[in-house]
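Here is the naming used below: chain letters follow the sequence lines, and residue numbers restart at 1 for every chain. When reading the values below, keep in mind they use all heavy atoms of this one structure, side chains included, and skip hydrogens, waters and symmetry mates. Quick caveat, the model's predicted, so the values are computed rather than measured.
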Amino acid sequence: MVSAYVRNGHFSEAVKCVYEMLSIPDVRPDHYTFPPVLKACNSILDGTRLHCWISKLGFDWDVFVSASLVHMYCRFGFSCMGHKIFKAMPFRDMGCWNSVISGFCQNGNAKDALSILDEMRLEGVKMDSVTVATILPICALMNDILNGMLIHLYVIKHGLESGVFVSNALINMYAKFGKLACAQRIFDNMEVRDLVSWNSIVAAYEQNDCPHNALGFFHQMTLDKFHPDLLTLVSLSSSIAQTKDCLGGKSVHGYIIRRCWITKDIVIGNAVVDMYAKLGIIEYAREVFEELPRKDLISWNTIIGGYAQNGFASEATEVYKIMKECDNLTPNEGTWVCILPAYAHLGALRDGMRIHGHVLKKGINLDVFVATCLIDLYGKCGMLSETLSLFHEVPKDTSVPWNAMISFHGLHGHGGTSLKLFTDMLDEGVKPDKVTFLSLLSACSHSGLVDQGKWCFDMMQQMYGIKPTLQHYGCMVDLYGRAGLLDKAYNIIESMPMRPDSSIWGALLGACRIHGNVEMGKMASSRVFGLDSEDAGYYVLLSNIYANFGRWEGVDEVRSLARDKGLRKTPGWSSIELNNTIEVFYTGNQSHPQWKQIHKELAIVNAKIKGIGYIPDYSFVLQDVEDDEKENILNSHSERLAIVYGILNTHPKASIRIYKNLRVCGDCHNVTKFISKLTEREIVVRDSNRFHHFKDGYCSCGDYW
DNA sequence: ATAGGGTTAG
């Protein structure tokens, strides 16, 4: 009865049952009673209470029971207590050794687990298959490939290969090392496979970005008459998320609902939230999140990260605020890593710095991921010295912080510095990954470094065996396209092994705009509109191409096309930070308290810059209206409102910093150049693509906004 | 009926 409760996760019922048992005079608990209950208890409080009973009843001299006690204490991180009981044991069988090692492992306490292993060796106790199965996950955790392989050799030498536990653990370890072939070989050689074996091989492919293979093995496993369990579905959700298969995602969710698994385990609920977030169906992610029977830290981190990665930065910060109201939750490194990119996106330097404060207060070693997010934050807010000093502090043995620095310099148009960092990184023996090359390619394209970009693209594939993703191809199209090599850009698209999406054709379209190629522009835009007819930005590009050639009938055509499609415009906003608060301006937003003043100043500035040569470019207006109305529409663009607000509220020569969620409008780009000349101010605009430094009527990016 | 597999994050 007790273990029946434990099996179903009803810990308190199990304890009640033990209580009841004690009240019956003729029935005495035996040494089988306590271990399952100890295993099931989920707090140190319950554990110590059980320990008191056990001592009172005189069971703490039982090897069986004390091994479970040791396991429990180590599991909750009370390794001293665990060790003390372990030391006091009069006799230790294999179970005891394994139990204590496992306790440390479940707490992620690799050092203590390994020291017990040394102790074992000193006493001449040989590892059995359970020891091996327990210690292999630790090798995986510490990325200790050498020891992992030594243990694998030990397994072969002592004939432990046939154990299902051992093989499963080996599959998992090799999967974490990214050695899929090794994992596959172990799986293939297994004579007997259980559900864990199948789950492990599915997870192996899922975790190494091979979702299609993962789904294939899932299919095979059902053919082999294995019934998927909760853990199978966790891997399945993640695989589906990677394949971007929205329909599949919904059916996986349906399967989970029918089995009522969301209420059974928090992990699967989190996995579903993450799946919907990765599929870009953020509304569903939020719905599932709201309906979770219990939310843990990972649930919150997942939804915050989901919003941030789908470009809903302010929603991410809203959820983070709600999260902070919950008393039983303490944000951790994972939380910072989710929320910091949102702050970076918004240009919310103050909020980001507050997080930096929390991180410092925690005082532990600077986590590479958190530090990298901070580098990214300061970089995106243009704080050069903070960026550099953090990079100086952070451990640089992985590509992670290097990638952030490469991308930072790329954003500012310093492609040469990015390349220098890349060679420095290689000199230090750090292995580049796909993010490194993405940052590099983007840096090269922003700085017009065509040959260097090509060099990186080739090196990535030939020397590091990294297959280019859609984003890498997008950078290459951009690289050639910006440089005017439109045919080469087109050839890149032709050579792609996957279907180009709208961002790829959009990059070509952008290049056609810069270099005035109407024919290819028409072709590219027809491909874009076939794939993603909703983004207004692409219509603006085409309209601008026609306008530059004076082909006004083309401009009209694009306008009517846009009107017929009923475009969803991503609401554009620009923000500016003044006196520690962020002001956000939306396009055409008239509700600002200083609206009248802004509007008046805008008219004055407009008249002045027209006097020094500014001519409005109406091809950036998609609405089919009279010219003076077009001018009003241009004037309502959020970046202008923010700049004028900055002029009104800062000292005459102070520099102005603006953050934007979309790309800067071409006409606004031109206006800003004139304003920088007129006011003799430095104006820095960070848009979704890069930094623009305006000074004396020029921009750091030339005309290729 | 002591000891093995899972979710977030640049």
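Comparing B:dG4, B:dT8, B:dG6 by their closest approach to the side chain of A:Leu231 singles out B:dG6. Listed candidates were B:dG5, B:dA9, B:dG4. Nearest to the side chain of A:Asn168 is B:dG4. Closest to the side chain of A:Gln106, from the set B:dA3, B:dG4, B:dT8, is B:dG4. Side-chain atoms of A:Asp433 lie closest to B:dG10 of the nucleotides B:dG10, B:dG5, B:dT7. Nearest to the side chain of A:Val337, among B:dG5, B:dG10, B:dG4, sits B:dG10. For A:Asp93, whose side chain is taken as the heavy atoms from C-beta onward, the closest listed nucleotide among B:dG5, B:dA9, B:dT2 is B:dT2.
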Side-chain donor-acceptor pairs under 3.5 Å in residues 304-311 of chain A, sequence neighbours left out?
unit_1: A:Tyr307; atom_1: OH; unit_2: A:Arg286; atom_2: NH1; d: 3.0
unit_1: A:Asn310; atom_1: ND2; unit_2: A:Ala277; atom_2: O; d: 3.0
unit_1: A:Asn310; atom_1: ND2; unit_2: A:Gly306; atom_2: O; d: 2.9

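Counting only residues at least two apart or on different chains, no salt bridge (charged side-chain N to carboxylate O under 4.0 Å, His left out) pair has a member in residues 64-79 of chain A.
A sub-4.0 Å separation between OP1 or OP2 of B:dG6 and a side-chain N or O of A:Gln207 is absent. Contact annotation: A:Ser299 side-chain N/O to B:dT7 OP1/OP2 distance is not under 4.0 Å. For B:dT8, the OP1/OP2 oxygens have no side-chain nitrogen or oxygen of A:Gln309 closer than 4.0 Å. In terms of phosphate contacts, A:Lys278 brings no side-chain nitrogen or oxygen within less than 4.0 Å of OP1 or OP2 of B:dT7. Within the 4.0 Å cut-off from OP1 or OP2 of B:dA3, at least one side-chain nitrogen or oxygen of A:Lys39 is found.
At a threshold of 4.0 angstrom between heavy atoms, the contacts of A:Asp229 include nucleobase atoms, whether or not backbone atoms are also involved. Residue A:Leu230 is in base contact, counting any heavy-atom pair closer than 4.0 Å across all strands shown.
Remark: the A:Ser68 side chain and the A:His71 side chain contain no N/O donor-acceptor pair separated by less than 3.5 Å.
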